[in-house]
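For reference, the structure discussed in these notes is given below.
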Amino acid sequence: MKIPAEIVQNLNEQLNRELYAHYLYLVMASYFFERELAGFGAFFLKQSEEEREHAMRLFHYLMEKGATFNPLPIEIPPKNYESPVSCFQLAYEYEQKVTLSYYNLLKKARDLGEYDVEEFLWWYIREQREEEALMQYWLTRTTLVKDNNAGLLLLDKEARKYARKRD
Ligand code: OFO
């Protein structure tokens with residue numbers, strides 16, 4: 001069954017949000033690498049790769065359903081963060097925004113009786129739950145240490161371990 005054009009467009013928009021997240025986390029990785037906090041750098045690099053995979057999952061779904069891929073412009077993410085805390089704050093806010101967009105689309109798919117799309121979207125709902133929890137965790141931890149350098153270096157080590165674990 002063909003997916004209605006409106007939903008195809010929404011799926012393309014989700015794909016664009018995932019690509020933006022890929023780009024955003026790449027910028028965040030560079031923010032940390034440039035400050036010799038390579039553990040956090042590796043963490044965001046890993047997240048960035050995952051976001052690209054999320055975009056590709058949408059791409060393959062569109063292809064499988066014989067739907068059109070519509071490339072959309074990717075916004076340029078902000079580059080200069082005030083602190084590691086503000087970086088995680090922004091990441092956490094973005095994840096919540098993405099979650100909401102998946103909720104809205106899932107509701108629309110259900111209302112239109114597009115159950116295959118709905119089933120496909122559930123994977124993203126679960127993934128967003130994990131990602132929100134992850135960013136919230138790091139936001140809390142970095143807020144605890146604020147500009148205490150020793151604390152930050154310890155967290156950096158922990159972030160590196162986390163990034164390796166997910167390889
Ligand atoms: Fe793609 O998982 Fe977050 O945004």
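Each ligand, and each atom within it, is numbered from 1 in the order the structure gives.
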Mind listing the N or O contacts between ligand 1 and protein, cut-off under 3.5 Å?
residue: ligand 1; atom: 2 (O); partner: E51; partner atom: OE1; Å: 3.1
residue: ligand 1; atom: 2 (O); partner: E51; partner atom: OE2; Å: 3.2
residue: ligand 1; atom: 2 (O); partner: H54; partner atom: ND1; Å: 2.9
residue: ligand 1; atom: 2 (O); partner: Q128; partner atom: OE1; Å: 2.7
residue: ligand 1; atom: 2 (O); partner: E131; partner atom: OE1; Å: 2.4
residue: ligand 1; atom: 4 (O); partner: E51; partner atom: OE1; Å: 3.3
residue: ligand 1; atom: 4 (O); partner: E51; partner atom: OE2; Å: 3.3
residue: ligand 1; atom: 4 (O); partner: E95; partner atom: OE1; Å: 2.9
residue: ligand 1; atom: 4 (O); partner: E95; partner atom: OE2; Å: 3.4
residue: ligand 1; atom: 4 (O); partner: Q128; partner atom: OE1; Å: 3.3

Holding to side chain to side chain donor-acceptor pair (under 3.5 Å), I want the full list of residues that pass it with Q47, two or more places apart in sequence or in another chain.
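Listed in chain order: R166.
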Quick one: side chain to side chain donor-acceptor pair (under 3.5 Å) partners of N104, sequence neighbours excluded?
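Partners of N104 under the side chain to side chain donor-acceptor pair (under 3.5 Å) test: none.
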Test D156 against F32 for side chain to side chain contact (heavy atoms under 4.5 Å, CB included), laying out the working first.
CA-CA 9 Å; D156 185 64; F32 287 107; 5.8 Å; no
Does Y61 have more than 12 heavy atoms from other residues, nucleotides or ligands lying within 6.0 Å of its OH?
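Counting neighbours around OH of Y61, more than 12 heavy atoms of other residues, nucleotides or ligands fall under 6.0 Å, so yes.
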Do Q136 and E132 pair up side chain to side chain, a donor and an acceptor below 3.5 Å, judged on atom types alone?
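The answer is no; no qualifying pair exists.
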Under 4.5 Å side-chain linkage, directly or through intermediates, the cluster mates of L26
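Direct or chained contacts put L26 with F33, L45.
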